[in-house]
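Remarks on the structure that follows.
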Amino acid sequence: MVQEVGRIVVKAAGRDAGLKGVVVSVLGGNRVLVTGPPSLTGLRRRAVNVMHLLPTQFKVELKRDAGDDEVLKALESSGLIDYMRRRAEISRW
């Protein structure tokens, strides 16, 4: 479920924990390319292990390897801009 282009995910580990992003590409080997885009959520484009991501119920229509502008337009057309701006609560121990 995480490994599909357009899926909105929450970063659950690392310094970006709690930030939301969109899967842009599947790299293989349990890694996906995720972007925020940075102007919206603060999450930079990076390769992430799927074990560090929590999938959400939301998905946007994107082409593989879409740019940040295309991702932003897809989020606007889906009405998910306000949802993406809110940081998720991730419990840390």
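Note that the numbering runs from 1 along the sequence shown for the chain. The figures here come from the full heavy-atom set of this structure, side chains too, leaving out hydrogens, waters and symmetry mates.
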Between atom [atom1] of [X] and atom [atom2] of [Y], what is the distance when rounded to the nearest 0.5 Å?
{"X": "R87", "Y": "R85", "atom1": "CZ", "atom2": "CZ", "value": "15.5 Å"}
{"X": "K59", "Y": "S78", "atom1": "NZ", "atom2": "OG", "value": "11.5 Å"}
{"X": "T35", "Y": "D68", "atom1": "OG1", "atom2": "CG", "value": "3.5 Å"}
{"X": "E70", "Y": "E61", "atom1": "CD", "atom2": "CD", "value": "13.5 Å"}
{"X": "L43", "Y": "R15", "atom1": "CG", "atom2": "CZ", "value": "10.0 Å"}
{"X": "L75", "Y": "I8", "atom1": "CG", "atom2": "CD1", "value": "5.5 Å"}

Testing the basics here: between [X] and [Y], what is the closest heavy-atom pair and its distance to 0.1 Å?
{"X": "V9", "Y": "V34", "value": "CG2-CG1, 4.3 Å"}
{"X": "G36", "Y": "T41", "value": "CA-OG1, 3.1 Å"}
{"X": "R45", "Y": "L33", "value": "NH1-CD2, 3.7 Å"}
{"X": "V71", "Y": "P37", "value": "CG1-CD, 3.9 Å"}
{"X": "L72", "Y": "S39", "value": "CD2-OG, 4.4 Å"}
{"X": "Q3", "Y": "V26", "value": "O-CG2, 3.7 Å"}

[Y] side chain reached by [X] side chain, heavy atoms, under 4.5 Å:
{"X": "L54", "Y": "I90", "value": "yes"}
{"X": "L53", "Y": "K11", "value": "yes"}
{"X": "M84", "Y": "V22", "value": "yes"}

Under 4.5 Å between side-chain heavy atoms, hopping through other hydrophobics if needed: is there a path connecting [X] to [Y]?
{"X": "V60", "Y": "Y83", "answer": "yes"}
{"X": "V32", "Y": "L19", "answer": "yes"}
{"X": "I81", "Y": "F58", "answer": "yes"}
{"X": "V23", "Y": "L40", "answer": "no"}

- Task: Sequence neighbours left out, what passes side chain to side chain donor-acceptor pair (under 3.5 Å) with D69? Give chain and number order.
- Result: none
- Message: Tell me if a side-chain donor or acceptor on K20 pairs with a main-chain N or O of A88 at a distance below 3.5 Å.
- Response: no
